[in-house]
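Below: the structure, in C-alpha cells.
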Amino acid sequence: DGTRGPHGAPHGAHRLRHQTVVFDDGPGRLGNQMFRYAAAFGIACTTGARLMRRRDGLTVCRVFPRARGCGGESFDALQRREGVRLSTIAEERRTWEPARWDPLPGSYNLLTGYRQSPVYWAGCEASLREQLVFAPAVAHAANALLEPLGVPRRPCITAYRRQGDAYSATSGPRAPFRNCLPEQDFYEQALPPLALEMAGAASATPTILTSSHSFDAARFLGRAVARATHRTHANVSLAAFDHDDPAVVMAALSRCQGVLFSHGTFNWWIAYLNGDATVLFDSSLLNFSRHRACYLEKVKVVEDPYSP
C-alpha cells in the first residue's frame, strides 16, 4: 500500500523478502526474551523480511512453538552449511526506547538488546498474538494448577508480585529499583474496586490469584482481600500457587480477567496475553514521576482510577 510504519519502516509496496531478521534468547529471563522475539517479529513484519531463530533450543520456541521462525532451519545450521554472515541491527540507547531498524544492515540481521517497546510491532499486533500460543505441555500444566483452585469456573484477578532478584530488592546498595515495586497500600486501594467490577460483570465472586514463590501472600495481600470482600459483599478468596517453570506461571496468571501491574517484563506480558486486562497503577503510590525507568509505559493504564 506504499505507507510507512514506525521509524520509517516500509509497508506494502517495498518488501525486503531477500533479508532475514534473526532472534536469540539473549540476556534476561522469559519476559525479556519475549520482548526480543516480539521486536524481531515486528521488524520482520513491517519490512517484509523473513524471521529466523539463531539456534535450536531457544526458550521462546519451547514456550511458543507455533511462533514464526521457530520451525525450519536455524541460522547457525545455515551458517555451517553456507557460510553466511550475520549483521547486527542498530543497538538501543535505553531498554524502552526503540532504535531505528531501517534499512536493515545486511542479508541476515541479528536483533540484540532488550527492546522493551511495542513500537517495534506497531501495525502487526494481531499477527503477533497469533504467534504467542503456549505449548500444549505448558497450557496443560497451567490448567492442572488452576483446576483445584476453581479458577476456570469463576472470574479471577492476577496480583503478581515480583521478587527474588536485584530489581525486586527493597533495601541495601544493590536495590536500584527499590521504589518501583507497589507495596501493600497500592493493592489495598486498587484491588477492591476491581473486584467489584469483575463481580458485577460475571455475577460471581472473583478469586485473587498470585504466585507465591516464597513470599507470604496471605500476609501481604490479606488486608486488600478483606477490603475487596467488604466492597463486594461477598467472600473474595485468595489463591496462591508455585511452579518451577516461569512459562507455566505466566500461562496460569494470564487467564484472569483483571491484572494489577507490578514492575517488570514478566507481569507486562501477563497483562498483554490477557487481552482484555484492566491494568491499574497509582502513580502517586509508585513514585512514577521520579522513577520513570521503572515502568514500561505501553501497558493499558488507568492512573488513580479510584479514590482510596
Side-chain angles (χ1 to χ4, degrees), residues 145-146 148-164 168 170-171 177-242 249-250 252-264 266-268 270-291 294-295 299-308:
L145 290 173
L146 297 178
L149 303 175
V151 170
R153 297 179 296 279
R154 61 191 296 189
C156 64
I157 298 169
T158 292
Y160 176 77
R161 179 168 174 77
R162 181 174 183 158
Q163 57 201 321
S168 58
T170 57
S171 62
F177 294 93
R178 58 184 173 272
N179 292 309
C180 293
L181 288 176
E183 293 298 334
Q184 288 171 292
D185 51 359
F186 162 70
Y187 292 97
E188 290 166 18
Q189 175 175 320
L191 186 54
L194 182 55
L196 183 63
E197 178 183 327
M198 295 291 106
S203 300
T205 305
T207 296
I208 312 306
L209 187 65
T210 190
S211 175
S212 56
H213 284 283
S214 301
F215 101 102
D216 189 340
R219 182 193 62 79
F220 187 82
L221 295 171
R223 286 200 301 176
V225 173
R227 287 190 176 190
T229 295
H230 177 75
R231 187 73 175 267
T232 59
H233 304 289
N235 186 25
V236 176
S237 59
L238 175 66
F241 64 86
D242 277 324
V249 175
M250 180 180 285
L253 293 178
S254 65
R255 302 284 182 87
C256 288
Q257 293 78 17
V259 177
L260 300 180
F261 185 66
S262 178
H263 163 56
F266 191 80
N267 201 171
W268 197 99
I270 289 171
Y272 183 88
L273 294 173
N274 174 285
D276 296 319
T278 301
V279 182
L280 307 174
F281 76 56
D282 180 331
S283 59
S284 64
L285 291 176
L286 299 184
N287 299 314
F288 179 75
S289 61
R290 292 192 292 113
H291 298 279
C294 295
Y295 305 100
V299 189
K300 178 183 176 184
V301 169
V302 182
E303 290 195 40
D304 304 324
Y306 305 105
S307 59

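Each residue takes its place number in the sequence, starting with 1. Remember, it's a predicted structure, so these values are computed and weren't measured experimentally. Heavy atoms only: backbone and side chains are in, while hydrogens, waters and symmetry mates are out.
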Open item on the list: Using every non-hydrogen atom in the two residues, find where Leu273 and Ser254 come nearest and quote the distance to one decimal.
Closed with: CB-CB, 4.0 Å
Task: Polar side-chain atom of Thr229 near backbone of Val236 as donor-acceptor pair, under 3.5 Å - done: yes
Open item on the list: Nearest 0.5 Å, please: how far is CG in Leu238 from CG in Leu149?
Closed with: 10.0 Å
Task: Contact summary for Arg219 and Gln184, nearest pair of heavy atoms - done: O-NE2, 3.4 Å
TODO: Looking only at non-hydrogen atoms, find the nearest pair between Pro155 and Gln257 and report the distance.
DONE: CA-OE1, 3.2 Å
Task: Atom of Val259, atom of Asn267 and distance for their closest heavy-atom approach - done: CG1-ND2, 3.5 Å
Open item on the list: Using only atom types and a distance under 3.5 Å, with no angle test, would you say the side chain of Thr207 pairs donor to acceptor with the backbone of Cys156?
Closed with: no
- [ ] Hey, can you tell me if His233 and His230 have their rings parallel, tilted or perpendicular (30° and 60° cut-offs)?
- [x] tilted
Open item on the list: So Leu145 and Val151, do their side chains get closer than 4.5 Å, heavy atoms only?
Closed with: no
Open item on the list: So which atom in Ala252 and which in Leu209 form the shortest heavy-atom distance, rounded to 0.1 Å?
Closed with: O-CD2, 4.0 Å
TODO: With rounding to the nearest 0.5 Å, note down the distance linking OG1 in Thr158 to CE in Met250.
DONE: 11.5 Å
Open item on the list: Working to the nearest 0.5 angstrom, can you tell me the gap between Thr232 OG1 and Leu194 CG?
Closed with: 11.5 Å
Task: Heavy-atom pair of closest approach, residues Leu221 and Ala159 - done: CD1-CB, 4.1 Å
TODO: Hey, can you tell me if Tyr187 and Phe220 have their rings parallel, tilted or perpendicular (30° and 60° cut-offs)?
DONE: perpendicular
